Amino acid sequence: MKKVRTIFVCSECGTETQKWFGRCPGCQAWNTLVEEKVNTDRVETGRPGLSLAGDSEPVSITMARGSEKERIKTGITELDRVLGGGVVPGSLVLVGGEPGIGKSTLLLQVACLWAEKNGAVLYASGEESVEQIKLRANRIGSLSDDLYVVTENNIERIAQMADKLEPTLLILDSVQTAYSSELTSVPGSVAQVRQVTAVILEWAKSKGIPVLLIGHVTKTGSLAGPKVLEHMVDTVLNFEGDSAHIYRILRSTKNRFGSTQEIGVFEMQETGLSEVANPSQLFIGQRAAGATGSTVVSTIEGTRPILVEIQALVTKAGFASVPRRQSIGFDHARVAILLAVLDKRAGLHLENQDVYVNVAGGVRVVEPAADLGVCLAIASSFRNLPLDPGLCIIGEVGLSGEIRRVSRLELRLAEAAKLGFTKALVPAANFAECKGMERLKTEGVENIREALEFAVGR
Ligand code: TYD
Ligand code: MG
């Protein structure tokens, strides 16, 4: 009989303790220890992820293998771009995202294209029956003789099947539904997720075959499971989108083999996901042509740049009534401050005007770098002058009307250029950082007056 003992594992750093602590002794985070049951006769292989170091010998870096030629293209350009040019053999790629966003659909499409090009692919699902997978494959036309599917949750059995089939790619849907018989805890628990990943990591590295893992995300949008899961894999991709819209964005938050600044854009259609070659079309497409009171700002969400449209509507307030100020998706108090700055520093008198500000698409912008975009949207609506549709606006507005420098300007500009913008209004203080941008014409402004002159004229 297997001997079972209780341990506590930190969901952030993976530290194991015998006792429960309010604060993790490893990473000092509060309330992260969760109870796990483990077999005491489990064979310790050392830290997962490092066990593969084994008996290898040091080699000179100039002699070491590893060239760009080794990357294998998935056949989906948008995905290859995010991966940094294709999948590296033996690497572990984790694809996370909300339920129903299209992770299984994306990877089934990858599986089929891959099978046709490179040979056998094993798609192991712990979430759907083979019939369900077949139905989806029929619908999206992902059928190939070399695509093998199986419904299996046990990670050791999946590894055995993979050993027998010798696929050129292994897909696991999902890491939270798989379990290892080494542990008694339920699938999806911290220890199981870690163990499953460790088993698959060793398999991938020893065979030199890439593995794509699907991961669930929690309510807050982070990947469910321990942070160590993200540390163990080579690449973490996030599949994002909004159920109300058809577009989906693939971003990488970690990539050992490429940049994390690339995004891939897809459209969910009746017949599966299709790539969007020109993403700007999708985003600008929803902007009304020549509309006044509309600007596009480049904001940073966490570590990622996102372009959003700011809309403003300025109308004459009712006689003898207090002017209304409403804002959706942007801080109310900040709008009041910006209106005061516009009044005092730019001579834009809005005291008898109702002002409505809205961030299109239900997004929330908390960054001060969107200030200038909000000011110009308001000015554009007030003056009834549309802005240049190819203009992207970046800048924080200070109380003296000065345009303050923003962080990571290059990243913001790169995103704007990628999405088809041709001009950008940026803080003059940041201007030196724009040197490398050939695709985007940048204009540096010192204060709100200059910005207004540039965007809506006097
Ligand atoms: P799915 O890949 O099952 O999502 P996940 O694995 O991330 O949970 O995608 C499910 C959704 O995608 C479902 O709500 C229906 C939609 N869908 C389409 O619109 N078109 C299609 O061709 C397919 C296969 C799915
Ligand atoms: Mg799924």
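Atoms considered below: every heavy atom in the structure, side chains included; atoms not considered: hydrogens, waters and symmetry mates. On a predicted model such as this, the values are computed, not experimentally measured, just so you know. Whatever order the structure lists them in is the order used to number ligands and atoms, beginning at 1.
In the vicinity of S104, heavy-atom distances shorter than 4.0 Å reach the ligand 1 atoms 2 (O), 5 (P), 6 (O). Taking a cut-off of under 4.0 Å to the non-hydrogen atoms of E98, the atoms of ligand 1 that pass are 7 (O). Annotation for ligand 1: atoms under 4.0 Å from non-hydrogen atoms of P99 are 8 (O). Applying the 4.0 Å criterion to heavy atoms of I140 picks out, from ligand 1, the atoms 22 (O), 24 (C). Here is the list of ligand 1 atoms found below 4.0 Å of a heavy atom in T271: 22 (O).
By the 6.0 Å contact criterion, CG on D145 is open, its count of non-hydrogen atoms from other residues, nucleotides or ligands being 12 or less. By the neighbour-count criterion of 12 heavy atoms within 6.0 Å, atom CD of Q28 is densely surrounded, having more than that number from other residues, nucleotides or ligands.
When only non-hydrogen protein atoms are considered, atom 3 (O) of ligand 1 lies nearest to R136 NH2, 2.6 Å. The protein heavy atom nearest to atom 4 (O) of ligand 1 is G102 N, 3.1 Å. When only non-hydrogen protein atoms are considered, atom 11 (C) of ligand 1 lies nearest to G100 O, 3.4 Å. Nearest protein heavy-atom neighbour of atom 12 (O) of ligand 1: M268 CE, 3.2 Å. At the shortest separation from atom 20 (N) of ligand 1 among protein heavy atoms lies Q269 O, 2.7 Å. In terms of protein heavy-atom proximity, atom 15 (C) of ligand 1 is closest to R139 NH2, 4.8 Å.
In this structure, the side chain of T168 engages the main chain of A120 through a donor-acceptor pair within 3.5 Å.
Taking 4.5 Å as the limit, some side-chain heavy atom of L92 sits within range of a side-chain heavy atom of I200.
Salt-bridge annotation for K207 and D163: present, with a side-chain N of the basic residue lying under 4.0 Å from a carboxylate O of the acidic one.
Note on the Mg ion (ligand 2): protein N, O or S atoms under 2.8 Å away count 1, no waters included.
The option with the heavy atom closest to atom 2 (O) of ligand 1, from among T105, D173, L106, I101, is T105.
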